[in-house]
Structures are given as C-alpha cells and as structure tokens.
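Everything below concerns the one structure shown next.
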2 protein chains.
Amino acid sequence: MVERISDAEHEIMEVLWIKAPLTATEVADRVADAKGWSLQTVKTLLSRLAAKAVIGTERDGRRFLYSPLVERDTYLAGVSRKFVDRLFGGKVTPLVAHLAEADELSDDDIREIEELLRELKG
Amino acid sequence: MVERISDAEHEIMEVLWIKAPLTATEVADRVADAKGWSLQTVKTLLSRLAAKAVIGTERDGRRFLYSPLVERDTYLAGVSRKFVDRLFGGKVTPLVAHLAEADELSDDDIREIEELLRELKG
DNA sequence: CGCTACTGACTACATCTGTAGTTTCATCGA
DNA sequence: TCGATGAAACTACAGATGTAGTCAGTAGCG
C-alpha cells in the first residue's frame with residue numbers, strides 16, 4: 001500500500017524519479033518550467049511527501065537531499081490497479097476499448113500492444 | 001470538458017447510470033450496501049452533482065427525480081484520457097504493460113484485448 | 001383542518017490540496 | 001566576529017471532499 005500521492009506531489013515525484021538525490025532548490029528548478037511553482041510550494045510538497053515516507057531525506061550540511069523511497073513502477077502499478085478497479089470493474093479490456101473508441105489509439109499503438117501481448121503469451 | 005467528479009460522487013453516478021431517474025431515497029438504498037452512507041450524505045452528493053450540472057433534477061410532487069446528464073461512456077473516456085496522459089505520457093502501451101507485469105492480465109484478458117484490437121484494425 | 005412525517009435546503013466541520021508567506025537558525029564571507 | 005544569505009520549519013488560507021446534522025416547508029392522513 002503506497003500512500004496516496006496528490007497531483008501536485010506527483011509532479012515532484014516525477015522529477016525525483018528522473019534524478020535523485022536532489023536538494024529542494026534543484027527540484028524547484030526542474031519543475032519551474034512546467035508548473036511555475038514557487039520554491040516554498042515545492043518545499044511544502046517535499047515535506048508532505050517526506051511525512052508520507054514516500055521520499056527519504058538525507059542531511060547534507062545545512063540542506064537536505066531528497067530521494068524517492070518508492071519506485072516509479074511500483075507506484076504506477078498500484079495506481080493503475082486502483083484506477084481500473086474503480087472505473088472498469090478491474091477489467092482492462094473495457095479501458096482499452098474506451099481509449100480505442102475515443103481515437104486515442106493509433107495504428108502504431110495497436111501494433112505495439114499486440115506485440116506486447118504476444119510476448120506475454122510466449 | 002466534463003466537470004470533475006469525486007470518488008464519492010462517482011459512486012452515486014454509477015447508481016444513476018444503471019437506472020434513472022431515481023429519488024434521493026432510492027439512490028441511497030442502492031448505495032447503502034456498498035458504502036453505508038446516510039441518506040443525508042447521499043443527498044449532499046446529489047446536490048453537488050446537480051450543482052455541477054452532471055445530473056439533472058425533475059420535480060415529482062414534493063420530491064426530486066435525479067438523472068445523469070453525462071453518459072457513462074463519455075465520462076469514462078475523459079477520465080481515462082486524463083489518467084493515461086498524466087501517468088503514462090498519453091501512451092496506452094506502458095499502462096497495459098504495467099497491468100500485465102503486475103499479473104493483472106489473465107490469459108483470457110489477453111485474448112479479449114487481442115480480439116478487440118483485431119476488430120479495430122479490420 | 002391540524003399534525004406528522006418525509007423531503008429538500010442550509011449549515012457544519014475535519015481533512016486534504018494547492019499555493020504560498022513568515023520565522024528562525026546556522027553558516028560563510030568580509 | 002558579525003551580519004547577510006540561504007535553508008528548513010512553522011503558519012496560513014481558500015477551495016474540495018467525506019460525512020453528516022438541523023431546519024423548514026408541504027402533502028397526505030386522521
């Protein structure tokens with residue numbers, strides 16, 4: 001059971017999953033482009049993530065270095081599971097069907113998924 | 001752009017998507033098993049959904065009848081889209097891959113999805 | 001015709017989220 | 001050594017969410 005991570009917190013996690021450990025300032029720099037949050041906001045989010053034990057802190061002189069304690073794959077698997085459970089009764093097929101109907105699936109996507117499924121069976 | 005629907009509100013929607021119109025009491029009865037909410041809670045959620053114009057109200061004597069204004073398919077498509085965008089950069093393949101790795105896909109699921117994809121191409 | 005019971009409307013309130021401002025403490029340079 | 005600077009800690013605050021309680025009005029029963 002990975003703690004619930006909010007949307008804003010998730011942005012921070014994505015940064016730390018790309019590179020860690022980072023200081024608060026470094027994280028802020030890396031999200032600044034996309035989100036334009038202030039340094040204070042980033043620090044608040046880092047504190048909340050640390051409180052949830054989703055990231056770890058390590059003292060480096062007067063600063064902290066932050067690193068994920070949860071792997072991206074683990075987190076995504078959990079969240080995906082919940083999503084499919086809640087909205088599609090746990091079945092992936094209807095989800096794929098919906099995305100397909102909404103033209104979210106290109107021919108390349110379809111080929112990729114077919115390839116993936118073939119590997120799963122093999 | 002369908003308004004944001006919270007988890008609790010979504011439960012109400014599922015009930016109304018199965019059968020509508022329904023009175024508040026009827027909705028409460030139908031969610032009671034699963035969630036055990038009080039009638040008041042259900043009424044609050046119905047009000048919030050009505051305020052968002054996600055459901056419509058129709059007077060029936062001294063009561064209201066509630067019906068969805070948004071189709072389930074439309075809603076699911078939107079939510080799925082956002083989900084895949086946010087967590088998988090818009091690509092469905094990694095999502096399917098994650099579910100597969102987590103053993104969420106049975107052989108039957110795989111066959112079903114393959115079938116679906118074949119239809120999409122055909 | 002008046003009271004009761006059911007219904008919607010309004011109010012409540014703690015927690016979570018997004019987005020910071022302010023304070024305090026320590027450190028590094030002059 | 002002392003002040004400026006930078007970092008974390010603490011505080012703030014409005015809106016969303018989960019979960020109801022209370023009030024007020026009306027329709028139907030006696």
Side-chain angles (χ1 to χ4, degrees), chain A residues 1-16 20-67 75 79 82-83 86-87, chain B residues 1-16 20-67 75 79 82-83 86-87:
Chain A
M1 296 319 141
V2 174
E3 286 267 4
R4 162 90 199 142
I5 296 177
S6 79
D7 282 13
E9 289 163 0
H10 180 227
E11 293 290 334
I12 305 292
M13 291 306 290
E14 288 293 344
V15 168
L16 288 176
L22 292 178
T23 66
T25 306
E26 286 166 346
V27 172
D29 285 347
R30 283 156 197 251
V31 286
D33 303 345
K35 312 297 296 182
W37 290 331
S38 81
L39 176 59
Q40 302 312 322
T41 297
V42 171
K43 283 183 179 179
T44 298
L45 294 172
L46 284 169
S47 300
R48 288 178 184 172
L49 287 168
K52 290 176 191 175
V54 178
I55 63 178
T57 60
E58 174 195 354
R59 253 222 144 81
D60 172 41
R62 54 176 170 167
R63 311 171 303 177
F64 277 123
L65 295 176
Y66 300 91
S67 313
Y75 174 70
V79 174
K82 280 197 183 58
F83 178 79
R86 203 169 76 80
L87 277 88
Chain B
M1 296 322 136
V2 175
E3 285 265 4
R4 162 88 200 144
I5 295 177
S6 79
D7 283 11
E9 288 163 0
H10 180 227
E11 293 291 333
I12 305 292
M13 292 306 290
E14 288 294 343
V15 167
L16 288 175
L22 292 178
T23 66
T25 305
E26 286 166 345
V27 172
D29 285 347
R30 283 156 197 253
V31 286
D33 302 344
K35 312 297 296 179
W37 290 330
S38 80
L39 175 60
Q40 303 313 321
T41 298
V42 171
K43 284 182 178 178
T44 299
L45 293 172
L46 284 168
S47 300
R48 288 179 184 170
L49 287 166
K52 290 177 190 174
V54 178
I55 63 178
T57 60
E58 174 195 352
R59 251 220 147 83
D60 171 42
R62 56 176 168 165
R63 311 172 303 176
F64 276 124
L65 295 176
Y66 300 91
S67 313
Y75 174 70
V79 174
K82 280 196 184 59
F83 178 79
R86 205 169 75 80
L87 276 88

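Chain naming here is simple, since letters A, B, ... match the order of the sequence lines and numbering starts at 1 in each.
Under the 30°/60° scheme for interplanar angles, the aromatic rings of A:Tyr75 and A:His10 are found to be tilted.
If you measure from atom CZ of B:Arg63 to atom P of D:dG28, you get 10 Å, rounded to the nearest angstrom. One can place CD1 of A:Ile12 at 12 Å from P of C:dA20, the figure rounded to the nearest angstrom. Rounded to an integer number of Å, the gap from B:Ile55 CD1 to C:dG8 P is 11 Å. Computed from coordinates, the A:Asp60 CG to C:dA26 P distance equals 17 Å when rounded to whole Å. Straight-line distance from the CD atom of A:Glu3 to the P atom of C:dT17: 10 Å, rounded to whole Å. In this entry the distance linking CG of A:Leu49 with C1' of C:dC16 reads 13 Å, nearest Å.
Here the OG1 atom belonging to A:Thr44 is positioned 6.0 Å from the CZ atom belonging to A:Arg48, to the nearest 0.5 angstrom. Taken to the nearest 0.5 Å, the CD atom of B:Glu11 stands 12.0 Å off from the CD1 atom of B:Ile5.
In this structure, B:Arg62 reaches the bases: a heavy-atom distance under 4.0 Å links it to at least one base atom across the strands shown.
Looking at B:Thr57 and B:Leu65, their side chains never come closer than 4.5 Å, going by heavy atoms from C-beta outward.
Remark: side-chain polar atoms of A:Thr41 are not paired, donor with acceptor, to backbone N or O of A:Trp37 under 3.5 angstrom.
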Exercise. If the sugar-phosphate is the primed atoms plus P, OP1 and OP2 and the base is the rest, what is the B/S/- string for nucleotides 9-20 of chain D, using protein heavy atoms under 4.0 Å?
Worked result: B--B----SBBB

For this session: Go through the steps to decide whether B:Glu9 and B:Lys52 satisfy the test salt bridge (Lys or Arg N to Asp or Glu O under 4.0 Å), and finish with yes or no.
Result: CA-CA 11 Å; B:Glu9 288 163 0; B:Lys52 290 177 190 174; 2.5 Å; yes

